[in-house]
Every structure is written in C-alpha cells, then in structure tokens.
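Keep in mind that what you see is a predicted model, and the values were worked out from it rather than measured. Reminder, nothing fancy here: chain letters follow the sequence lines and each chain counts from 1. Atom set for the values below is all heavy atoms of this structure, side chains included, hydrogens, waters and symmetry mates excluded.
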Protein chains: 2
Amino acid sequence: MPLITRCEKNEKRERSLALRDAIELLGGKWKICILQNLSLYGTMRFKDLQEEVAGISSKVLTKELQQLEQNFLVVRTINNTKPVTVSYSLTEHAYETRNVFNALLEFGAKHRAVVKSGGG
Amino acid sequence: MPLITRCEKNEKRERSLALRDAIELLGGKWKICILQNLSLYGTMRFKDLQEEVAGISSKVLTKELQQLEQNFLVVRTINNTKPVTVSYSLTEHAYETRNVFNALLEFGAKHRAVVKSGGG
DNA sequence: CAGTATCCAAAGGGATACTG
DNA sequence: CAGTATCCCTTTGGATACTG
C-alpha cells in the first residue's frame, strides 16, 4: 500500500462514489443490453425490446424500463394507436453510456481470446 | 425497428454475446471496485482490499477474488512471511477493464449533475 | 492475517396465466 | 400490444463467530 496522500485518498473516495452510482444504475443482467438496443435502433416498442433482449421476461423488462425511466435514461411514449403501442427511446444523457458498453464490448471480446489461449 | 439486414443482425448478435460475457465477468456490486483498487495500488493484501472496498465482508471478498482469479483477472500470491500474508494483483489482461471503469466513472459523475438539475 | 462456517433476509429473476 | 399478478426458486450478500 504505497504512497497515497490523504488528499489523493479523498479524491479517490469521491470517484468511488461516482463508480458505485454508475454500477447501481447500470447494474444487473439486463440494463446495459436494453440501453444498447435502444441506442442502436433509436426507438423501440415493448415487444421489439423483448425480442431483441433475448431471454428477458415481460415482468423483468417492465421493471427494468421503469427503473431506467426513473433514472432519466429512458423516455416512455404512449402512442395514440389502436391497439395502443408504447415506444421507448434514450434520453440525451443516456447516450453517455455508450462508452460504457463499448468498453465492455471490447473487454468481452478480448477476454474470449484470453480464455481460448489458456488464460493470463 | 428500422433498416437492419440479416447480416448486420448477426454481427449484432455476436457483439451481444461479448457484452453478456463482460457483464457476467464484471457484474455484481463489487468486482469493478476491487479491480479499480488493484489497478490503483498495484498489489494489495486481503486486508488492504477489505479496507478500501468499503462495506464488503470477508466472505464476499473471498468469493469475488476467487471468481476473478478463475477468470484470469487477478493473481493470488502467498508470501512466505510470519504470519502468512497473501497478495493480490491484476493480470495484464485485467488492465483492459480500465476503459470500463473510466467510462463508468465518467457516466456516474455526469449522472449526478443530471439528477441535480432535475433530470433529462 | 486470511480466510471459513453458519445463519438468514432480501433481491433477482424465471414460468405461467391473466387483463384492458 | 403492453403490460400485471402470482408463485416460487436461486443468488446475493450482510452479520457474526470461529480457525490455522
């Protein structure tokens, strides 16, 4: 445990908080995938999302979308159609998660290579 | 749901898999924090980690470290001291998670600003 | 110091059926 | 179509105590 002054430690603590926030906001099995799909397609209906995010149930999708909406990452729009349809899209702010999933993507791809070659 | 050819869809599916892998590898409440600390300090003992990753219990820390080791992200070294100490450090490969937590960090910080200003 | 062991509560999440 | 409702199992992880 080297060479970190108290000042540097405080900076570190503050960054840890931002990190924790981000992990809580984007955590879980599905949120990143949902955001990525919305980022890719722009606007999607509930059913489209359920098809693209393979394996998610409607119950879970509902809950995830509600949480994302509460955190200002997703906008829900009710369309005046028959039957009623609902559209989801990202907020401006949510596009800043792009770096996150790009980084995850890159890491995931490299990890596969590492595992194939036997680790380390 | 616009304009995505079957070919593009296949690419997308493959990327989804890498994304899923990464989420599983780094998922949960603690792994990113642990990796970030190891990245920052270089080498840490069990107890150091438990202090820096505020709130984690020894049981959970043990399990997280084991998983990280199994996935070639962390190296565990037993030091020939009295009493025995154990050091943890990152593998080369693990340093590629840096982009992930930098992105998370940036997002977390911006998100706080958004929430303060009332959303959107 | 570096963990294990035990107990337990809460959250996550799948399956299925149902509704306006 | 876009969800709710219900059931129930699994995983997560906190608290506490203990060990070589």
| said: Is there a side-chain contact between A:Tyr88 and the phosphate of D:dC1, meaning an N or O under 4.0 Å from OP1 or OP2? | reply: no
Subject >> Crowding at CD, B:Glu24 (>12 non-hydrogen neighbours, <6.0 Å) >> reply: no
| query | Can B:Tyr41 and B:Glu52 be counted as having a side-chain donor-acceptor contact under 3.5 angstrom? | reply | yes
Closest to the side chain of A:Arg45, out of D:dA2, D:dG13, C:dG12, is D:dA2
To the nearest angstrom, the CD-P distance between A:Gln66 and D:dT4 comes to 6 Å
By the Watson-Crick or G-U definition, both distances under 3.5 Å, C:dA15 is matched with D:dT6
Rounded to whole Å, the CG-P distance (A:Asn79 to D:dC1) equals 14 Å
| said: Mind checking if A:Glu64 touches a base, just sugar-phosphate, or nothing, with heavy atoms under 4.0 Å? | reply: nothing
Closest to the side chain of B:Thr62, out of C:dG3, D:dG3, D:dG13, is C:dG3
Notebook entry, point to check: Hey, does B:Ser58 reach any base, or is it just sugar-phosphate, or nothing, if we go heavy atoms under 4.0 Å?
Noted result: base
Distance below 4.0 Å between A:Gln67 side-chain N/O and C:dA11 OP1 or OP2:
no
Which of D:dT4, C:dA2, D:dA2 is nearest the side chain of A:Thr85? It is D:dA2
Paired to C:dG20 by Watson-Crick or G-U wobble criteria (both distances under 3.5 Å) is D:dC1
Walking DNA chain C from its 5' end, the first of A:Gly55 and B:Val84 to be reached, judged by nearest nucleotide, is B:Val84
- OP1, OP2 of C:dG14 versus side-chain N and O of A:Lys29: anything below 4.0 Å? yes
Heavy-atom nearest nucleotide on DNA chain C taken for A:Lys59 and for A:Pro83; more 5' hit belongs to A:Lys59
- Query: Reckon A:Lys47 has a side-chain N or O less than 4.0 Å from the OP1 or OP2 of D:dC1?
  - Reply: yes
